[in-house]
Amino acid sequence: MLNNIEKKLIVIAGPTAIGKTDLAFQIAKQLNCAIISADSRQVFKETTIGTAKPSSAYLNEIPHYFINHVSIHQPYNAGLFGQEALNKINYLHQTNNYVIIVGGSGLYINAVLHGLDEFIEVPIQIRENLNATYKTHGLVYLQEQLKKLDPIYFKKIDIQNPQRMLRALEIITHTNKSYSSFLNKKQLQHPFKIQSYVLETDRENLYNRINVRVDCMINEGIVEEAQQLFQYKHCNALNTVGYKELFQYFDKNISIDQAILLIKQHTRQYAKRQITWFTHQNTFTKVLIDDAKKALELVVKQVNS
RNA sequence: GGUACCUUAGCUCAGUCGGUAGAGCAACAGACUGAAAAUCUGUGUGUCCCUGGUUCGAUUCCUGGAGGUACCA
């Protein structure tokens, strides 16, 4: 009973290549607890080198969850992750006071920390039909539809963003109710304490780390991995930095050198988007990663206090 | 060596019938409730190669030069 107060979820977030995996591993070793990965691409079995998964040495030493969790051929999303991860956290808390969640997918982390509204799962056919409608009728048609079917949400969302419009329309089509009628989320009450950290360093250092990491991926064989997956390039899971540029190369649209430059460039842009997201989550404590030992001590000390 | 064409933003290139200039990409900033490594939005960037001439005014027209590309020799 009293124990519940001591249960903690330690959140480690930050941009790609900043060193989340290493830090989380070291913390897990010190606290003797498991790690939950909040990474929208590491969940897939087939993508390993290109998603910079933890090494097998790490995976063997500390239990990691939601890595190699599903196949690229299965649909997976933030809603599913939120539910599954929360179940897993509660399960792990039965035998351990600590659980670490680490990753760079902001929406996935938010789905766990704050929850998402409950929507009914929409059959894939509806999305495909709507995608076809968008292709033939264009964005303005989607805007007109949404304005008619859900004027409240229409005022709220970015009507230039087709993905957002299509998401709202698929819910409306499937349920015959407005999208906004589902937006009634209650504050999630967790039976554990949350301590969240976002890793930081200066931009130049981060960009150097990204460049080095991409070169490593090339040496480790990302080209061969992508070649194997080329036949499945239509999968959403493979609409991913590192793979999509190599698919361009396989299609003979660009050279391998161009592909490598583009992977670096697109990874930098992705990292910037993550920084924008996490710096606006003001519940995160900032941790400078430049001195890894100091960062580790700081987090462990705060968790134990 | 000759002829033709080219030289404009970090890159690729539009354009100005003479009134000092844009697009895409990059860069930077932002948004984001089931595609989130996805998707979307905003903001600039300049000796318009140099030189002289014509002109009220030249990046634009003319002379000469430099560099590049193609073809001919």
Side-chain angles (χ1 to χ4, degrees), chain A residues 13-18 20 37-44 47 49-53 70 72 74-85 103-124 126-128 130-131 134 139 142-143 153 156-171 174-175 179-186 188 203-204 207 210 213-214 217 222 226 234-247 254 258 261-281:
Chain A
T16 188
I18 200 169
K20 298 184 293 296
S37 162
D39 188 302
S40 72
R41 301 292 128 123
Q42 289 182 0
V43 284
F44 297 110
T47 51
I49 299 166
T51 60
K53 280 176 190 164
V70 292
I72 56 169
Q74 291 171 251
Y76 203 74
N77 59 50
L80 277 168
F81 175 80
Q83 289 167 18
E84 292 188 331
S105 301
L107 185 61
Y108 279 45
I109 291 175
N110 274 13
V112 173
L113 300 189
H114 311 299
L116 301 175
D117 281 303
E118 275 183 42
F119 289 98
I120 299 158
E121 207 62 29
V122 179
I124 193 113
I126 290 182
R127 174 172 293 189
E128 279 170 9
L130 280 164
N131 274 329
Y134 170 48
L139 185 65
L142 297 185
Q143 292 170 341
Y153 194 55
K156 217 172 123 184
I157 67 159
D158 177 4
I159 59 167
Q160 301 291 358
N161 191 328
Q163 275 188 10
R164 296 280 137 67
M165 311 279 290
L166 289 162
R167 168 62 183 161
L169 286 170
E170 73 178 15
I171 288 290
H174 186 53
T175 63
Y179 183 89
S180 44
S181 67
F182 291 91
L183 302 179
N184 49 13
K185 187 174 70 188
K186 284 180 245 138
L188 253 191
R203 198 64 67 87
E204 196 190 340
Y207 286 0
I210 287 171
R213 168 182 276 183
V214 173
M217 285 178 176
I222 190 183
H234 59 275
C235 291
N236 176 60
L238 297 176
N239 184 192
T240 299
V241 176
Y243 297 95
K244 55 184 174 185
E245 295 82 3
L246 288 171
F247 295 161
I254 55 176
Q258 283 174 306
L261 284 176
L262 282 176
I263 292 171
K264 290 175 179 175
Q265 186 173 90
H266 293 162
T267 304
R268 275 182 249 128
Q269 294 173 335
Y270 167 50
K272 172 59 178 74
R273 272 179 269 136
Q274 291 174 299
I275 291 169
T276 301
W277 176 286
F278 288 120
T279 53
H280 290 84
Q281 309 293 127

Would you indicate what [X] reaches in the nucleic acid, counting non-hydrogen atoms under 4.0 angstrom: base, sugar-phosphate, or nothing?
X: Ile157(A); result: nothing
X: Gly50(A); result: base
X: Gln265(A); result: sugar-phosphate
X: Tyr243(A); result: nothing
X: Thr51(A); result: base
X: Phe44(A); result: nothing
X: Pro162(A); result: sugar-phosphate
X: Ser105(A); result: sugar-phosphate
X: Asn131(A); result: base
X: Tyr207(A); result: sugar-phosphate
X: His280(A); result: sugar-phosphate
X: Asp117(A); result: base

Kindly determine whether Met165(A) and Ile157(A) satisfy side chain to side chain contact (heavy atoms under 4.5 Å, CB included), including the steps that lead there. CA-CA 8 Å; Met165(A) 311 279 290; Ile157(A) 67 159; 3.6 Å; yes
Heavy-atom distance under 4.5 Å between the side chains of Asp39(A) and Tyr108(A), does that happen here? no
Identify which nucleotide among [options] has an atom closest to any side-chain atom of [X], counting heavy atoms from C-beta outward.
X: Phe119(A); options: U33(B), A36(B), U39(B); value: U33(B)
X: Gln269(A); options: C40(B), G30(B), A27(B); value: A27(B)
X: Arg203(A); options: A29(B), A36(B), G34(B); value: A29(B)
X: Gln160(A); options: C32(B), A29(B), U41(B); value: U41(B)
X: Glu170(A); options: C40(B), A38(B), G34(B); value: G34(B)

Pairwise [atom1] distance, [M] and [N] [rounded to whole Å]:
N: U3(B); M: G64(B); atom1: P; answer: 11 Å
N: G57(B); M: G15(B); atom1: P; answer: 28 Å
N: C6(B); M: U43(B); atom1: C1'; answer: 32 Å
N: C17(B); M: A4(B); atom1: P; answer: 25 Å
N: A9(B); M: U51(B); atom1: C1'; answer: 24 Å
N: C32(B); M: U41(B); atom1: C1'; answer: 11 Å
N: G46(B); M: G65(B); atom1: P; answer: 32 Å
N: A73(B); M: G68(B); atom1: P; answer: 23 Å

May I ask you to evaluate whether [X] reaches the phosphate of [N], defined as a side-chain N or O under 4.0 Å from OP1 or OP2?
X: Lys156(A); N: U33(B); value: no
X: Tyr108(A); N: A36(B); value: yes
X: Asn110(A); N: C32(B); value: no
X: Lys272(A); N: A27(B); value: no
X: Asn236(A); N: A36(B); value: yes

So among Asn161(A), Leu142(A), Ile126(A), Ile171(A), which one has a side chain to side chain contact (heavy atoms under 4.5 Å, CB included) with Leu166(A)? Leu142(A)
Pick from Lys272(A), Arg273(A), Arg268(A): which one makes a side chain to side chain contact (heavy atoms under 4.5 Å, CB included) with Tyr270(A)? Arg273(A)
Measure from [atom1] on [X] to [atom2] on [N] and round the result to the nearest Å.
X: Leu238(A); N: A36(B); atom1: CG; atom2: P; value: 12 Å
X: Arg167(A); N: C40(B); atom1: CZ; atom2: P; value: 18 Å
X: Lys264(A); N: A27(B); atom1: NZ; atom2: C1'; value: 18 Å
X: Tyr76(A); N: A38(B); atom1: OH; atom2: P; value: 19 Å
X: Ile171(A); N: G34(B); atom1: CD1; atom2: C1'; value: 8 Å
X: Arg268(A); N: A27(B); atom1: CZ; atom2: P; value: 6 Å
X: Glu204(A); N: A27(B); atom1: CD; atom2: P; value: 15 Å
X: Leu183(A); N: U33(B); atom1: CG; atom2: P; value: 10 Å

Assigned partner base of [N], Watson-Crick or wobble definition, under 3.5 Å:
N: C71(B); answer: G2(B)
N: C28(B); answer: G42(B)
N: U33(B); answer: none
N: U7(B); answer: A66(B)
N: G19(B); answer: C56(B)

Quick check: on RNA chain B, is the nucleotide nearest Asn184(A) upstream (toward 5') of the one nearest Gly242(A), or the reverse? Name the residue that is more 5'. Asn184(A)
The residue, Arg41(A) or His266(A), whose nearest nucleotide of RNA chain B is more 5′ is His266(A)
Under a plain distance cut-off of 3.5 Å, with no hydrogens placed, do Thr267(A) and Arg213(A) share a side-chain donor-acceptor pair? no
Side-chain H-bond candidate by donor/acceptor type, Thr240(A) with Arg41(A), under 3.5 Å: yes
Would you call the rings of Tyr76(A) and Phe44(A) parallel, tilted or perpendicular, taking 30° and 60° as the class edges? perpendicular
Take Glu170(A) and Val122(A) through the side chain to side chain contact (heavy atoms under 4.5 Å, CB included) test and state the conclusion after the steps. CA-CA 7 Å; Glu170(A) 73 178 15; Val122(A) 179; 4.1 Å; yes
How far apart are the C-alpha atoms of Asn110(A) and Trp277(A), what are their side-chain angles, what is the distance that settles it, and do they pass the side chain to side chain contact (heavy atoms under 4.5 Å, CB included) test? CA-CA 11 Å; Asn110(A) 274 13; Trp277(A) 176 286; 3.4 Å; yes
Between Lys244(A) and Leu238(A) (side chain of the first, backbone of the second, donor and acceptor by atom type, cut-off under 3.5 Å), is there such a pair? no
Syn or anti conformation of G57(B), syn meaning chi within 90° of 0: anti
Tell whether Arg164(A) reaches the base of A38(B) with its side chain through a donor-acceptor pair below 3.5 angstrom. yes
